[in-house]
Amino acid sequence: MLGEFEYLLITAAARLGDQAYGAAIREEIQSATGRPCSIGGLYTTLDRLQSKGFLQTWMGDATAERGGRAKRMVRVTAKGAQAAQDFYHAVTRVSRGVSWAAPRSRS
Amino acid sequence: MSDIGWSVVDVFSRFLENDEREAVRGDLAEAGEDAWHGFVDVLGLIVRRQAALWKSWQPWLAAFGLALPASFLLMGFSVSVSRCYQRAMSAGPELWMLAGYVPLLIGWSWTGGFVVGWLSRRTLWVSGLATCLACVFCLERFRQASLSRLCLLPFVLPAALGVWRGLRTVRIHPGWAVTLAAVVTALAIGMGSSGAWLSNFALTWPAWYIVATGRIRSSS
């Protein structure tokens with residue numbers, strides 16, 4: 001079973017699709033959670049997920065806004081998508097009936 | 001802070017592998033972080049990477065099971081070789097002993113260095129630091145009127161060559177490894193004193209470690 005941060009990372013990468021790379025995933029996680037995401041945590045988790053076969057990564061193109069440096073591109077594998085789905089369903093099931101799982105009221 | 005700060009970040013980034021350094025520095029540039037936060041991020045990644053390496057037994061064996069104790073033992077043996085050299089210069093019969101001691105010192109140092117380089121890889125700096133500390137400790141305390149302090153250090157060059165070779169070698173020919181181990185062992189038995197079997201063993205096992213693991217080592 002995935003860990004919380006692993007799930008966040010896979011989900012952010014899946015949402016970004018072809019634009020999934022280190023800085024974009026980090027920004028996505030930070031905006032979703034409202035918490036800082038360290039580069040150390042991001043890259044070590046990327047490696048761990050890659051070694052488990054949940055992600056593929058490769059070095060992409062360099063861009064001017066990155067000072068001419070290449071990106072580490074990320075793609076979620078079918079195995080990774082399945083693991084994220086399992087995690088999501090488990091969280092959904094275990095959350096049924098608890099007060100904080102109720103939909104937020106719009107004011 | 002910015003220019004100097006980013007220079008510091010660049011220096012520390014060198015502890016990362018090339019592709020990772022490229023991606024991380026690009027991410028920091030894209031995020032528009034200041035140098036201090038960039039430094040903290042890079043340092044955090046380096047610490048995590050190093051911590052992951054130390055989860056395996058190889059760096060521990062290389063640094064504290066081999067580099068540190070072998071440095072003390074090889075410095076002691078280097079002094080013995082230097083004394084033997086002095087005697088050989090004044091009395092001819094010591095020359096044959098010197099002819100055995102010198103290749104034994106080279107063999108022990110090279111095989112030890114090779115195994116340290118082989119096992120350490122990206123934790124080599126700790127093994128190197130352990131050796132440096134041992135050398136400084138002994139150089140500080142060495143008091144022999146007839147011998148220079150440099151007599152402690154002849155092992156350093158063959159050991160460094162062994163490390164260099166160990167870092168680059170992926171697989172060793174078994175015949176070559178067995179021959180090397182047999183020669184080192186024969187010299188250790190022939191030249192070593194009977195009371196020093198423990199230190200002889202501590203310096204000889206790396207040669208047999210190369211034999212035992214040379215065929216199964218991966219390129220990781």
Atom CZ of residue position B/Phe15 - does it have more than 12 heavy atoms of other residues, nucleotides or ligands inside 6.0 Å? no
Rounded to the nearest 0.5 Å, how far does CG of B/Leu43 lie from CD1 of A/Ile39? 12.5 Å
For B/Phe12, is the CZ atom crowded, meaning more than 12 foreign heavy atoms sit under 6.0 Å from it? no
Taking all atoms of both residues into account, what is the closest heavy-atom pair of B/Ala29 and A/Gly67, and its distance? CB-N, 4.5 Å
Give the minimum heavy-atom separation between B/Ala23 and A/Arg72, together with the two atoms involved. CB-CB, 3.9 Å
Would you check, one step at a time, whether the test salt bridge (charged side-chain N to carboxylate O under 4.0 Å, His left out) holds for B/Arg49 with A/Asp47? CA-CA 11 Å; B/Arg49 291 284 184 229; A/Asp47 282 356; 2.6 Å; yes
Taking every non-hydrogen pair under 4.5 Å, which of A/Ala62, A/Ala70, A/Ala24, A/Gly22 racks up the most with chain B? A/Ala70
Take atom CZ of B/Arg149 as the centre, draw a 6.0 Å sphere, and report whether it contains more than 12 heavy atoms from other residues, nucleotides or ligands. yes
When heavy-atom pairs shorter than 4.5 Å are enumerated against chain B, which of A/Gly60, A/Ser38, A/Gly68 gives the highest number? A/Ser38
Step through the shown structure and confirm whether more than 12 heavy atoms of other residues, nucleotides or ligands are within 6.0 Å of CZ on B/Arg21. yes
Kindly compute the distance separating OG1 (A/Thr44) from CD (B/Glu20), expressed to the nearest 0.5 Å. 8.5 Å
Does any part of the side chain of A/Arg26, heavy atoms only, come nearer than 4.5 Å to the side chain of B/Asp41, both counted from C-beta? yes
Shortest non-hydrogen contact between A/Arg66 and B/Glu30, atoms and distance: NH1-OE1, 2.9 Å
Considering residues, nucleotides and ligands other than A/Gln30, do more than 12 of their heavy atoms fall under 6.0 Å from its CD? yes
Neighbour count above 12 (heavy atom, 6.0 Å) for B/Trp125 CH2: no
Tell me, with the steps shown, if B/Asp27 and A/Lys71 meet salt bridge (charged side-chain N to carboxylate O under 4.0 Å, His left out). CA-CA 8 Å; B/Asp27 286 354; A/Lys71 299 169 180 172; over 6 Å; no
